[in-house]
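In what follows, a structure is listed as C-alpha cells, so that the remarks can point back to it.
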Amino acid sequence: MTREQPEIRSITNRAELEAVYDVLGDAFPIGRDFFRQRMEHDSTYDLSTTWIAAQGPDIASTVQLFPFIGRVDDAAVNIGGIGSVATVAAYRGQGHCRHMLHDITAWMEEQEYDLSLLFAVINPFYEKAGWSTVPETMYELDLAGVTTGSNDSYEIVPFDPSDTDVVASIYEQFNEHRTGTVIRPSSYWLDRLHWPKWRSTTCLLAKREGVVVAYGHITKPEEDGTVYLDELCYRKGEEGAAIPLFYALAEQRPEAKCMLANLPADHILAEHLLVQGAVKKTLTYMMWKIIRFQLLLAKLVPVFQRRLQHHGALADQPLLIEWECAGQKAYFHALDGQVAVAAVPREGSEYVRISMTQQEFMRLLLHGIDETALDEQHSLVLEALFPKQNTVFYLMDRF
C-alpha cells in the first residue's frame, strides 16, 4: 500500500494549536504546559510560524519557527529559529520532519529571512536538511572549593518586575555591536517574565549607590548538579560588579556541583573564572543555515565599509570578490571608498574568487578569521572583512 504524501503547512486555527501542544507534550518529558506557556505569552506569536505535517486527519509532526532579529556587529539580520520539533511515534522514520524543514526553508526565503538557527543533539539529521554546526565555547567551573572575595562596593538584590526597563537598558548597552546577540524589543522583555525559561532561573541585580549597574541569571540545578549562568551583563565602567554578582548567584544554588557560564570572550568574568579553575568547553549544539546569501551580505555593507576603512593595508585598495557559498553567489565591490554587494557581476570586471562551505562562512561571520581554517591565499582580505568577534548567543534566548 502506498501511503499518502503528508500535507505540509502552517496551522490555521486555535484547535490545531491545541493539538500541536498535545503532540509536544507527548514527545517531551518537560510537558505540554511548557510549550503552551511559551507561546501563549508571546505577544508577537502568529499561527503562520507553527508548522505541521498532516497525515489525513492526524498531525504526524510539528515544527515551531521563532522569528527574531540578530546582530552582526551593528547590522540587523532576520533569523528564523527552529525549535519544538516533534513527530508522533506512529509516524517516525517516514520523512515528515524532513519535508517540513524543506518547505519551511522555502517559506523563510519568501518571508525575507537571512539565516536560520537551531540547537540540536542529533546533528547529522539536521546536516542532511542543510544546517551546519558552528561550535560555541562555554566556561565550565567545578563549584567545590570556589573562594569568594569581599564586596564593599555593591549591593546585591533580587530582581523585581519594576526593574525590567533598567535591565533592558543594561542589556542594550552591553551588547551594542555584539555579534550573535538578539535585538530585544520592549514586548520581549514584558513577555518573557511569563515564560517557563525565565521562571526556572533566579535573577539578581547589583546596585552601586542605589543604581542598578548589572544583572545576572542562574538556572535551577539539573539532575547531575549542573547549573547554567545564562546571562550576566553590566554597564560600561561597572565591570567590578560582575564578580560579586557572580558569587551571589552561585550562593543561590548551594546544592550545585558544576556551573557552565555562557559568556563572550571579552567578559570580565571570563578571565576570572579561568583563574578559579574553569576550563573552556566546546559545545556543538548550535547549527546555522544561510537562507539568502547575497542579501545577507548586502545588509552588512555598512559593516564591511567601516571595517575596510579601519584596515590600513586595504583602506584605499579596490576590491572585487566573487563569493560562492552553499550554492549561492554574491559579488562584492569596494571601489573609491564605497562598498556594494550585487547579485550579478559587473560587465568587464575581474573578480577574486572566494569559495567556502556554509560552515566556514558562518564561522567567519560569527567568530572572525582567527576561528577559521581557511587557506592563507585570501587571509588579508578575510582578516579585514571578518575580524575576531566576541560573539555570544545567550541561553535566555534559546528556543
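Index from 1, following the sequence. Worth knowing before you read on, the calculation uses all heavy atoms, side chains too, and leaves out hydrogens, waters and symmetry mates.
- The existence of a salt bridge linking R208 and E155 is excluded, since no basic side-chain nitrogen approaches an acidic carboxylate oxygen closer than 4.0 Å.
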Query raised in the report: Can you list the steps and then say if Y188 with W195 is a ring pair (Phe, Tyr, Trp, His ring centres under 6.0 Å)?
Result: CA-CA 10 Å; Y188 171 101; W195 292 349; 5.4 Å; yes
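- The pair E324-R353 counts as a salt bridge, with a side-chain nitrogen and a carboxylate oxygen less than 4.0 angstrom apart.
- E16 has a carboxylate O that lies under 4.0 Å from a charged side-chain N of R9, or vice versa, which qualifies the two as a salt bridge.
- A salt bridge does not link R178 to D73: none of the charged side-chain nitrogens sits closer than 4.0 Å to a carboxylate oxygen.
- Residues T226 and Y228 form a side-chain contact, since some pair of their non-hydrogen atoms from C-beta on lies under 4.5 Å apart.
- Checking T50 against Y45 by side-chain atom types alone, a donor-acceptor pair falls below 3.5 Å.
- Counting heavy atoms from C-beta on, the side chains of N262 and L229 never come closer than 4.5 Å.
- Nearest approach of A75 to K299, heavy atoms of both residues: CB-O, 3.8 Å.
- In this structure, the separation between CG on L65 and CD on Q111 is 9.5 Å, given to the nearest 0.5 Å.
- Under the 3.5 Å distance criterion, with hydrogens and angles disregarded, no donor-acceptor pair is assigned to the side chains of H194 and Q37.
- Note on R98 versus E127: no salt bridge recorded, every NZ/NE/NH1/NH2 to OD/OE distance being 4.0 Å or above.
- Annotation for I290 and C325: closest pair CD1-SG, 3.6 Å, computed over non-hydrogen atoms.
- For the residue pair T219 / R253, no side-chain donor-acceptor distance below 3.5 Å is found, with atom types taken as modelled.
- By the 6.0 Å and 45° rule, R184 stacks over the aromatic ring of Y171.
- By the 4.5 Å heavy-atom criterion applied to side chains, Q294 and K329 are not counted as neighbours.
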Requested in this report: Go through the steps to decide whether R292 and M108 satisfy the test side-chain contact (heavy atoms from CB on, under 4.5 Å), and finish with yes or no.
Outcome: CA-CA 9 Å; R292 306 185 307 162; M108 283 191 284; over 6 Å; no
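- Across T44 and D191, no two heavy atoms sit closer than the pair N-OD2, 4.4 Å.
- T49 and Q64 are linked by a side-chain donor-acceptor pair at a separation below 3.5 angstrom, with hydrogens and angles left out of the test.
- Between L232 and A242, the shortest heavy-atom contact is CD2-CB, 3.8 Å.
- Between E140 and K281, at least one side-chain N (NZ, or NE/NH1/NH2) sits under 4.0 Å from a carboxylate O, which counts as a salt bridge.
- Looking only at atom types and distance, the side chain of E322 has a donor-acceptor partner in the side chain of Y331 under 3.5 Å away.
- Within the 4.5 Å cutoff, the side chain of I170 has no heavy atoms near those of the V213 side chain.
- For the residue pair S132 and K289, no side-chain donor N or O sits within less than 3.5 Å of a side-chain acceptor on the partner.
- In the model, T181 has a side-chain atom that pairs as donor or acceptor with a side-chain atom of R71 under 3.5 Å.
- Ring centroid separation for the pair Y139 and H267 does not come in under the 6.0 Å cut-off.
- The aromatic ring centroids of Y113 and F68 lie 6.0 Å or more from each other.
- Between Y215 and F159, the distance from one ring center to the other does not fall under 6.0 angstrom.
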Query raised in the report: Could you go step by step and tell me if E172 and K236 meet the salt bridge (charged side-chain N to carboxylate O under 4.0 Å, His left out) rule?
Result: CA-CA 11 Å; E172 288 303 315; K236 292 177 182 177; over 6 Å; no
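- Here K220 does not pair with E255 in a salt bridge; the nearest charged N to carboxylate O distance is not below 4.0 Å.
- Checked for salt-bridge contact, E136 and R398 meet the test: a charged N lies under 4.0 Å from a carboxylate O.
- Taking 4.0 Å as the cut-off between side-chain N and carboxylate O, D22 and R32 count as a salt-bridged pair.
- By the 6.0 Å contact criterion, CG on D316 is open, its count of non-hydrogen atoms from other residues, nucleotides or ligands being 12 or less.
- Across W131, Y285, F393, a single residue satisfies ring pair (Phe, Tyr, Trp, His ring centres under 6.0 Å) together with F119, and that is F393.
- Among all heavy-atom pairs drawn from A206 and A241, the shortest one is CB-CB, 4.0 Å.
- In the hydrophobic clustering of this structure, Y394 groups with L204; members are Ile, Leu, Val, Met, Phe, Trp, Tyr whose side-chain heavy atoms approach within less than 4.5 Å, directly or through other members.
- Environment of CG in D46: crowded, with over 12 heavy atoms of neighbouring residues, nucleotides or ligands closer than 6.0 Å.
- Atom NE2 of H102 has 12 or fewer neighbouring heavy atoms from other residues, nucleotides or ligands inside a 6.0 Å radius.
- Taking the side chain as every heavy atom from C-beta outward, F125 and L101 approach each other to under 4.5 Å.
- Contact detail for R235 and V212: the closest heavy-atom pair is NE-O, 3.3 Å.
- You'll find the side chain of H333 reaches within 4.5 Å of the side chain of Y351, heavy atoms only.
- No hydrogens or angles considered: nothing links the side chains of D230 and T201 as a donor-acceptor pair under 3.5 Å.
- Aromatic ring centres of Y247 and H272: separated by under 6.0 Å.
- Considering only heavy atoms from C-beta on, F66 stays 4.5 Å or farther from I79 through its side chain.
- At least one side-chain heavy atom of H311 sits under 4.5 Å from a side-chain heavy atom of L380.
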